[in-house]
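What follows is a short report on a single structure.
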Protein chains: 2
Amino acid sequence: MAEAKAFHAHDHTGCRGAALAHAEAVARDKGLRFTPVRRRALEILLEEHRALGAYDVLERLSADGFGAQPPVAYRALEFLVEHGFAHRIRRLNAFTACAHPGDAHAPAFFICESCDSVAEAPAEPVLTALRKEAAHIGFTVSRMNIEAVGTCPACAAGSPA
Amino acid sequence: MAEAKAFHAHDHTGCRGAALAHAEAVARDKGLRFTPVRRRALEILLEEHRALGAYDVLERLSADGFGAQPPVAYRALEFLVEHGFAHRIRRLNAFTACAHPGDAHAPAFFICESCDSVAEAPAEPVLTALRKEAAHIGFTVSRMNIEAVGTCPACAAGSPA
DNA sequence: CATCTCTTGTTATGTTATTACATTTCTATT
DNA sequence: AATAGAAATGTAATAACATAACAAGAGATG
Ligand SMILES: [Zn+2]
Ligand SMILES: [Zn+2]
Ligand SMILES: [Zn+2]
Ligand SMILES: [Zn+2]
């Protein structure tokens, strides 16, 4: 339950701060360059537990004085995804901040079709089932996307977020 | 093993014929209009166990005398997906013929990054695991996408398809 | 036949993503 | 500190994917 912050009231300021701090720490450890655009892009994604399109992010970045062309956003987002600070949701052509930074994780995304919130939950059992299927057919999985569309608890209860 | 035809030599003519026959039968049963464009679109997808972009399909359709504008392809593909004759692979922005027509199924897709073949495997266990995860967070799953990228057995063995 | 619905086709436009290249910033080495 | 190489940023241009809106045709229903 603590696993799906998107669907419940929570200390989101802490949530955001922790993610940012984590990213900073990892960057220091691994010698990554957590530059201003990249940092700002992550902050933008962290504002809500939703997924933002690259162009949405771009708009905000350029409003903040960064470049105004698509590669500016795509590159920053690519960096975040590459290092596990964000995830790409293919179903939405969008990106979302990682909600479980630090844990090595195989995330599953639960997308509410009525309020657009996106929850990330650890999905080891799902991954296990998938790898088993893959093993049957001799396939080696290197990356995967697990995305479910449906209804979040708030919307199911009649009080969309 | 029989489940991942894309990765093994098989009677693909039969494979294709069966899928087409199945679509025809379902259309008859359900009173759907399996029109020439729709049929041709399915044939095109059935040519290989790969995923084709809408514009690839469009190109072939228009070469065959059908309309040359995007909606022609998108509509035919939408019809096929809607009725379970094809699937959309979000990761690739592409479509592939259903490899297990008839079975009510929750498919997982295994995409080989070296030869581009796409295998579809039944993924009920994966869906079950996913639903369980969803239940934890109070989410109701209505649809899901499970897409894995990796290496198919042929490519792993050094003989790309 | 009249009518209604579904399907097809076209034009136009919107949205998402990448390529290519110039410039700047950082890092490492001298 | 100077400098060479690598990484990051910025821009312009374009490619790739997708939908909206509307007119015309084909099929079903009375
Ligand atoms: Zn939060
Ligand atoms: Zn995550
Ligand atoms: Zn086949
Ligand atoms: Zn299928």
Side-chain angles (χ1 to χ4, degrees), chain A residues 23-24 27-42 44-45 50-83 85-96 111 116 145 147, chain B residues 23 27-42 44-45 50-83 85-96 111 116 145 147 149:
Chain A
E24 229 134 55
R28 223 177 358 256
D29 281 12
K30 299 209 252 172
L32 305 176
R33 291 169 61 182
F34 195 42
T35 62
V37 227
R38 290 168 175 178
R39 187 194 163 92
R40 186 76 194 101
L42 181 54
I44 290 166
L45 291 183
R50 293 203 306 114
L52 293 182
Y55 281 76
D56 297 324
V57 173
L58 176 59
E59 198 177 330
R60 322 252 337 237
L61 287 176
S62 73
D64 290 347
F66 296 101
Q69 304 306 318
V72 169
Y74 280 100
R75 286 193 289 229
L77 292 166
E78 179 185 48
F79 170 89
L80 297 175
V81 169
E82 188 178 347
H83 295 98
F85 306 142
H87 299 288
R88 186 170 195 159
I89 315 267
R90 317 285 325 196
R91 173 120 207 166
L92 302 175
N93 294 322
F95 299 82
T96 192
I111 305 164
D116 290 324
N145 293 89
E147 302 171 2
Chain B
R28 222 176 1 255
D29 281 11
K30 298 210 250 171
L32 307 176
R33 291 169 63 184
F34 195 42
T35 62
V37 228
R38 292 168 174 177
R39 186 193 164 92
R40 187 75 194 100
L42 180 54
I44 290 166
L45 291 183
R50 293 203 305 116
L52 292 182
Y55 280 74
D56 297 325
V57 172
L58 176 59
E59 198 176 331
R60 324 249 340 233
L61 287 175
S62 74
D64 289 348
F66 297 102
Q69 305 308 317
V72 169
Y74 281 100
R75 286 194 288 230
L77 292 166
E78 179 184 46
F79 170 88
L80 297 175
V81 169
E82 188 178 346
H83 295 97
F85 306 143
H87 299 287
R88 185 170 196 158
I89 314 276
R90 320 267 348 180
R91 176 121 204 163
L92 303 175
N93 294 321
F95 300 82
T96 191
I111 305 163
D116 291 325
N145 293 90
E147 302 170 3
V149 175

Which distance, rounded to the nearest 0.5 Å, do you find between the CG of B/Leu80 and the CD of B/Glu78?
10.0 Å
Which nucleotides of nucleotides 5-12 of chain C have their base under 4.0 Å from a protein heavy atom (B), which only their sugar-phosphate (S), and which neither (-), written as one string 5' to 3'?
-SSBBBB-
B/Tyr74 OH to C/dT16 P: how many Å, rounded?
13 Å
Distance-only polar pair, side chains of B/Asn145 and B/Arg90, donor-acceptor under 3.5 Å
no
Contact class for A/Arg90 (heavy atom, under 4.0 Å): base, sugar-phosphate, or nothing?
nothing
Correct closest heavy-atom pair for B/Leu58 and B/Ala68 would be CD2-O, 3.6 Å
Can you tell me if A/Asn93 touches the phosphate of C/dA17, counting only side-chain N or O atoms and a distance under 4.0 Å to OP1 or OP2?
yes
Which distance, rounded to the nearest 0.5 Å, do you find between the CZ of B/Arg38 and the CG of B/Leu32?
8.0 Å
Answer yes or no: is there a donor N or O on one side and an acceptor on the other, between the side chain of A/Thr96 and the main chain of A/His87, under 3.5 Å?
no
Nearest-0.5 Å distance, CG of residue B/Leu42 to CZ of residue B/Phe79:
9.5 Å
How many angstroms lie between CD in B/Glu147 and CG in B/Leu92, if you round to the nearest 0.5 Å?
7.0 Å
Atom CD of A/Glu78 to atom P of C/dT16: distance rounded to whole Å?
18 Å
Tell me, please, the opening and closing nucleotides of DNA chain D, 5' to 3', among those with an atom under 4.0 angstrom from a non-hydrogen atom of chain A.
D/dA7 to D/dA12
Separation between CZ of B/Phe85 and CG of B/Leu45, rounded to the nearest 0.5 Å:
12.5 Å
